[in-house]
Amino acid sequence: MQAPEFKVQGWCPGALRPMESGDGLVVRIRPRCASFTARQLLGIASAALQHGNGVVELTARANLQLRGVTQASHGPLLTALRALDLLDSDPAIEGRRNVVLSPWRSAEDAELAMELYNAIAQGPDLPGKFGFALDLGSQRVLGTTSADIRLELGAEGMILRADGCSGGARVTRDTAVPEAMRMARWFVESGGVSEGRGRMAAHLKRAALPFDTSQLPMPEAAEIVPGQRDDGALIAFEFGILRAEALSNLAKQIAEVRMTPWRMLFLPGATMPDLPGAIIGPDPRLKVYACTGAPGCPQALQETRALARRLAPLVTGVLHVSGCGKGCAHPATADVVLSATRQGFALAQNAKAGAEGVVLKPSEITLETLAKAM
Ligand code: SF4
């Protein structure tokens with residue numbers, strides 16, 4: 001088997017610690033409690049135009065990232081973000097503050113998240129990809145979002161569940177954060193971290209978890225689709241990308257935005273905004289994932305997004321077009337996955353990026369070749 005042609009970084013970019021990419025630095029902004037105010041969004045949009053290339057991306061961990069930042073513009077960008085109260089005190093704390101909240105979180109959940117941020121800042125040194133999910137809304141919605149330690153609702157109240165276990169331990173509002181941190185410490189002390197990397201589900205294949213796992217979380221909510229809801233509007237963007245001008249336009253129409261891990265924004269209490277290009281209902285592009293690809297990513301072997309846009313109406317189920325075998329846009333399995341190689345795209349079914357398959361040039365990928373290869 002050939003060694004993969006991509007590099008696994010083992011950490012996610014932040015604002016204080018950006019990541020180099022083909023189009024400059026990627027600067028990731030991690031909102032507190034999943035929320036940005038309209039003022040913060042306006043400031044981010046202006047900073048994206050002034051200090052980056054104006055591209056704003058919604059990430060799979062419910063963060064927002066700016067692209068095309070240069071070494072020279074990074075400092076002024078940080079000054080702008082600091083003025084908006086969007087920076088952590090140092091890169092280590094920023095790197096550890098990987099907490100995804102349900103966009104339907106309550107004010108009490110937000111308080112719990114703030115407690116968790118403080119505990120994480122003082123807690124053990126966790127791997128860069130290690131994360132927490134607070135999935136305490138009226139429906140469980142973060143089951144497929146990457147996280148290692150989860151706080152969810154079970155039949156009798158809140159539970160603490162390690163990723164990879166079907167059930168968790170009963171906790172209360174007062175014990176939730178201390179117990180979550182006890183689990184994080186156990187992960188580190190029992191050898192879950194190797195060379196700065198490690199994830200809970202993989203570790204549990206080797207180590208026995210010293211926590212109760214008998215309490216099942218409530219079932220996952222049905223598929224989440226953008227549209228008007230009783231409690232606000234849910235709006236999506238093709239590939240999770242929008243221009244800073246659109247972000248600014250949106251910020252002028254709403255009071256608050258809650259980030260989601262589904263390339264959608266939840267606008268609490270709002271009616272659907274007027275935003276050309278946004279996805280506001282069922283759409284084949286909602287099931288299509290494509291990473292930056294060439295030329296934006298230095299590891300990319302092919303262009304991805306034009307191909308994904310062309311194929312969206314041809315594929316039933318989830319389509320993932322990946323610029324290399326790493327699969328940044330969609331780490332999970334897709335119904336159809338096209339992984340870029342130097343010769344074209346390896347086509348596989350029900351697989352993750354990097355799966356082997358018949359290699360086709362982009363021009364050869366049509367409804368007929370897709371059907372023949374499946
Ligand atoms: S999957 Fe896409 S974005 Fe990620 S490293 Fe490969 S080409 Fe770059």
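Whatever order the structure lists ligands and atoms in, that order sets their numbers, starting from 1.
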**Message:** Just so I know, are the side chains of Thr304 and Phe239 near enough to count as touching, which here means a heavy-atom distance under 4.5 Å?
**Reply:** no
**Prompt:** N/O/S of Cys324 less than 2.8 Å from atom 4 (Fe) of ligand 1?
**Reply:** no
**Prompt:** Are any of the side-chain heavy atoms of Pro13 and Val26 separated by less than 4.5 Å?
**Reply:** yes
**Request:** Pull out every atom of ligand 1 sitting under 4.0 Å from any heavy atom of Ser322, numbered as shown with elements.
**Result:** 1 (S)
**Message:** Any N/O/S atom from Cys291 (main chain or side chain) under 2.8 Å of atom 6 (Fe) of ligand 1?
**Reply:** no
**Asked** OG/Ser46 to CD/Glu245 distance, rounded to the nearest 0.5 angstrom?
**Response** 11.0 Å
**Prompt:** Between Ser21 and Arg67, do the side chains contain an N or O donor and an N or O acceptor separated by less than 3.5 Å?
**Reply:** yes
**Asked** When you look for heavy atoms under 4.0 Å from ligand 1, do you find them on the side chain of Ala300, its backbone, both, or neither?
**Response** both
**Message:** Within ligand 1, which atoms have a heavy atom of Gly327 less than 4.0 Å away?
**Reply:** 1 (S)
**Request:** Apply the test salt bridge (charged side-chain N to carboxylate O under 4.0 Å, His left out) to residues Asp148 and Arg199: give CA-CA distance (whole Å), side-chain angles for both, the deciding distance (0.1 Å), then the verdict.
**Result:** CA-CA 6 Å; Asp148 298 271; Arg199 300 300 304 265; 2.9 Å; yes
**Asked** Out of Gln40, Arg258, Glu256, which one pairs with Ser35 under the side-chain hydrogen bond (donor to acceptor under 3.5 Å, both in side chains) rule?
**Response** Glu256
**Fill in**
Looking at Pro298, Ala294, Cys297, the heavy atom closest to atom 5 (S) of ligand 1 belongs to Cys297
**Message:** Using a 4.0 Å cut-off to any heavy atom of Gly323, which atoms of ligand 1 qualify?
**Reply:** 2 (Fe), 7 (S)
